[in-house]
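Computed over heavy atoms, backbone and side chain alike; hydrogens, waters and symmetry mates excluded.
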Amino acid sequence: MDLSPIDCQHVLQQIELYLDGELEASLRVEVHQHLSGCNGCTDHSAFQQRLKELLRAKCGCNDVPAQVMERIQAMLAGGPEPFHPS
């Protein structure tokens, strides 16, 4: 019996995006439906969520520094990384 249109492997590949709220709506619904019926994936999801919360609490920052964001955007655009001396 299938739990949802997607399988555990696909859910686990998408779990980070799901937890960060970055999945498109239809895939988010499929992952949510799968998690509601799959204890293994739900346990993994809960672990990942707790890990994210712990890291956020220990790092003490919720915002990405501007220099890091610029480098990421440049890399995604395929251009050279901006240089910012330390």
Legend entry - Pairwise salt bridge (Lys or Arg N to Asp or Glu O under 4.0 Å) hits with a residue in residues 11-20, at least two apart: Glu16-Lys52, Asp20-Lys52

Inset, instruction - First locate atom CG of Leu23, then atom CG of Leu17, and finally report the distance between them rounded to the nearest 0.5 Å. - result: 5.0 Å

Please enumerate all residues that pass side chain to side chain contact (heavy atoms under 4.5 Å, CB included) together with [X], with sequence neighbours excluded.
X     : result
Gln49 : Leu19, Glu53
Val29 : Gln33
His10 : Ile6, Asp7, Gln13, Gln14, Leu27
Leu12 : Cys41, His44

Inset, instruction - For residues His32 and Tyr18, report the shortest heavy-atom separation together with the two atoms involved. - result: ND1-OH, 3.1 Å

